[in-house]
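Keep in mind the model is a prediction, meaning the values are calculated, not measured.
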Amino acid sequence: MNKIKIMIVLILIIIVALIVRIYQIEKVPPSLNIDESSEGYNAFSLLNTGKDRYGQGWPILFRSFGSFQAPLYTYLTIIPIYFLGNTILAVRLVSIISGVLLIIITFFLINKFNQQYKINLAMIAGLTLTFTPWSVFFSRIGTEASLGVSLFALSFLILYLSLDRFWLFPLGVFILGLSTHAYYSERIISPFFLIGFIVLFRKRVFLKKKLFFFGMALFLLTQVPHLLIAASGAFTRRLAQVDYLSDQFFQSNSGNLHNIFFGRQLFIIREFITQYLTFFSPKNLFFDPDPQPDRSIPNLSVFYNWMLIPWLIGIGNFLKRRSEPAIKLFLLTIFLGPIPAALTRDPFYTLRTLIFLWITTIMIALGISNFFSKISLKITRYSLSFLLLSYSLFSLYLFYFTLFKYERATFDYSYTKLLEKINQMPDKNFVIDSSRHLAAGIRAAFFNRYDPIKLQRDFKSHFPYKYYSSFEIEEPFILGKVDIRPIFWKKDICVSQILVGDLLAISENQIKEHNLDFVFDVQDMAGNISLKAYSTDPNKACRRKEV
């Protein structure tokens, strides 16, 4: 097929991918989660002051709620914040573009992989990635992982092309190094992928030594920021929060292994193998959702269940063609892909394995292509294609665009609606309980465009410690007349204000004991009351305390 037809098909796929990823983007998911809110406000703060919310100028990593976020997504988000303002679309736009870019990269990669201009496999790969649940889901939330996998895929494509045009090698290696600043998984996968690439194609690589060493120098240059904070604790903070390597975790979860010589080492090996193999489980890939509620679609796994058969066919094709350069790189990536998640104790945490899921999608596309090539009748191929596509789209619409917003992120939505009510009462003082919802403060600051200079001043007084070596989780937000923090009953009832919390934060007994008067409530998307607001009466409450 000629180049014009290929471009037409690619443009059509891009249009469809954009529609799927932008449709109802401000409603599904219904609001910003804690990471999105942090990225959005930091981008807003950098745009206006050149500093993040803590007052740190252009950080290497962004401190946030006791952890640190990779920087590249936040820096890129400055651009949509400038043009679109503090909106949900602005925060998610980098992820949307990354998701579409991944489809474009995959299309060209597979087209090149086929050598000739045979569009079938490239088209199938592009469409599969367009509608696959994991790809749609993570492209529609503002996550650094979407940017990370797209940068990795771009470096993969360029490095693959460099096998014939080695002058591309420095560019591919440079982008690979940049991917380590996009998400934590790439910090582990990218260096090992580069080593694997060099080992697999050492005869070609060392023919052009000047270009090789220039490329390696560029990669090392991209790692300098990591080295600058390597000893601070910030570089490994996220892994330390979720891994199983500590002695404390070993003592609590090892069972009888703590009585065995080398028990801790055996425990680590057992945990790693167990977590690693979960990503090759058909049950996890095709039937069960990710166990993390905020990272999954209700009743839908990362792939559609009908893709199990093409996956098995694709595995056979990969193994049969394992001597081909592209397949070697695919297999290397599949091997490396689950490692970051396997080092953590969270079971089947898909967000940390998007690179693995990307290659698995290519494997499935190859299986679909091979399966349909065995069907001689066109009417049968078209009918089966129509049925599978219809089933997939129906499942995606039902479970994601309809059911998801009612079953997931309900608190995020409720706290966003709460801001609307608060803004209608500008003369009132509020205390919003954040005991079970840390994102409430940063989300309010973002949507209300709270002055970054004021927030930086407040945070400096609360956290006067070194930026990269202090790990306080709680962030109290004082946004004008709105305090977002845990409720302190002894003092808060003695101030004339409105207390807002969920049904656990403000119980019926506390309402009676402290003479609270109901003001309003906030419902979640399912119509259930999730937040209630009560006004205090200092004259009654504090008089009783004095008596």
Side-chain angles (χ1 to χ4, degrees), residues 34-35 61 63-70 145 180 183-193 195-196 226-227 229-296 301-302 315 331-357 360 435-436 438 465-466 468-474 504:
I34 189 169
D35 293 330
L61 294 174
R63 180 177 165 182
S64 183
F65 298 102
S67 188
F68 290 84
Q69 292 178 303
T180 65
Y183 190 57
Y184 289 107
S185 295
E186 280 69 22
R187 288 188 191 173
I188 298 172
I189 295 174
S190 294
F192 284 107
F193 179 81
I195 293 170
H226 295 319
L227 297 175
I229 59 169
S232 67
F235 185 73
T236 57
R237 171 62 178 171
R238 186 56 186 152
L239 180 62
Q241 289 177 305
V242 297
D243 69 25
Y244 45 76
L245 306 177
S246 68
D247 184 66
Q248 182 180 358
F249 189 82
F250 167 68
Q251 295 296 335
S252 303
N253 298 274
S254 60
N256 293 328
L257 283 177
H258 71 272
N259 297 320
I260 301 175
F261 192 59
F262 291 122
R264 185 176 176 187
Q265 289 77 6
L266 291 173
F267 172 75
I268 291 172
I269 293 170
R270 185 193 71 182
E271 290 297 303
F272 179 83
I273 293 173
T274 301
Q275 296 287 56
Y276 185 88
L277 292 178
T278 60
F279 292 93
F280 296 91
S281 163
K283 185 172 180 286
N284 290 333
L285 290 172
F286 302 100
F287 298 100
D288 291 345
D290 184 325
Q292 302 289 328
D294 294 336
R295 300 284 185 266
S296 65
S301 191
V302 288
I315 291 174
L331 290 173
L332 171 64
T333 309
I334 284 178
F335 171 74
L336 295 174
I339 291 176
L343 291 170
T344 70
R345 51 183 178 264
D346 301 309
F348 197 68
Y349 200 101
T350 51
L351 182 66
R352 298 177 184 135
T353 57
L354 297 196
I355 290 175
F356 171 80
L357 297 178
T360 303
S435 301
R436 279 168 296 283
L438 291 176
Y465 310 110
K466 292 183 179 179
Y468 295 111
S469 56
S470 56
F471 310 124
E472 293 83 358
I473 293 177
E474 206 154 293
L504 292 177

Checking side-chain contact (heavy atoms from CB on, under 4.5 Å) for the pair L285/L357: CA distance, chi angles, key distance, verdict? CA-CA 9 Å; L285 290 172; L357 297 178; 4.2 Å; yes
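Rounded to the nearest 0.5 Å, atoms CG (L504) and CZ (R436) are 4.5 Å apart. With rounding to the nearest 0.5 angstrom, the CD1 atom of I355 is 9.0 Å from the CZ atom of F193. Taken to the nearest 0.5 Å, the CD atom of E186 stands 8.5 Å off from the OG1 atom of T180. Taken to the nearest 0.5 Å, the CZ atom of F272 stands 13.0 Å off from the CG atom of D243. Here the OG-CG distance, from S67 to L239, works out to 10.5 Å after rounding to the nearest 0.5 Å. To the nearest 0.5 angstrom, D294 atom CG is 10.5 Å from I34 atom CD1.
Sorted by first and then second residue, the side-chain hydrogen bond (donor to acceptor under 3.5 Å, both in side chains) pairs involving residues 273-291 (not counting sequence neighbours) are K283-D288, D290-T350.
At least one donor-acceptor pair under 3.5 Å links the side chain of S246 to the backbone N or O of F249. For R264 (side chain) and L245 (main-chain N/O), a donor-acceptor pair under 3.5 Å exists by modelled atom type. A donor-acceptor pair under 3.5 Å is formed between the side chain of S185 and the backbone N or O of R352.
The side chain to side chain donor-acceptor pair (under 3.5 Å) search around R237 returns none, not counting sequence neighbours. In this structure, the ring-ring contact (aromatic ring centres under 6.0 Å, His included) partners of F279, at least two apart in sequence or on a different chain, are F348. Taking F286 as the reference, F303, W311 meet the ring-ring contact (aromatic ring centres under 6.0 Å, His included) condition, with sequence neighbours excluded. For E271, the side chain to side chain donor-acceptor pair (under 3.5 Å) criterion is met by no residue, not counting sequence neighbours. Take Q265 and apply the side chain to side chain donor-acceptor pair (under 3.5 Å) test, not counting sequence neighbours, and it matches no residue.
Looking at heavy atoms from C-beta onward, F356 lies out of side-chain contact with T333 at the 4.5 angstrom threshold. With contacts defined as side-chain heavy-atom distances shorter than 4.5 Å, the pair N253/Y244 does not qualify. The closest side-chain heavy-atom distance from I189 to I339 is not below 4.5 Å. When side chains are defined from C-beta on, L343 counts as touching I188, because their heavy atoms get closer than 4.5 Å.
Heavy atoms of other residues, nucleotides or ligands lying less than 6.0 angstrom from CZ of F280 number more than 12. In the displayed structure, N256 atom CG is contacted under 6.0 Å by at most 12 heavy atoms of other residues, nucleotides or ligands.
For F68 and Y184, the distance between ring centers is not under 6.0 angstrom.
In this structure, A230 and F235 approach most closely via the heavy-atom pair CA-CB, 4.0 Å. For the pair T353 and P338, the tightest heavy-atom approach, listed with the atom from each and the gap, is CG2-CA, 4.0 Å. Between Q69 and D35, the closest heavy-atom pair is NE2-O, 3.3 Å. P347 and P291 get closest at one heavy-atom pair: O-CG, 3.2 Å. Of all heavy-atom pairs spanning P340 and G337, the tightest one is CD-O, 3.3 Å. Nearest approach of Q241 to R345, heavy atoms of both residues: O-NH2, 2.7 Å.
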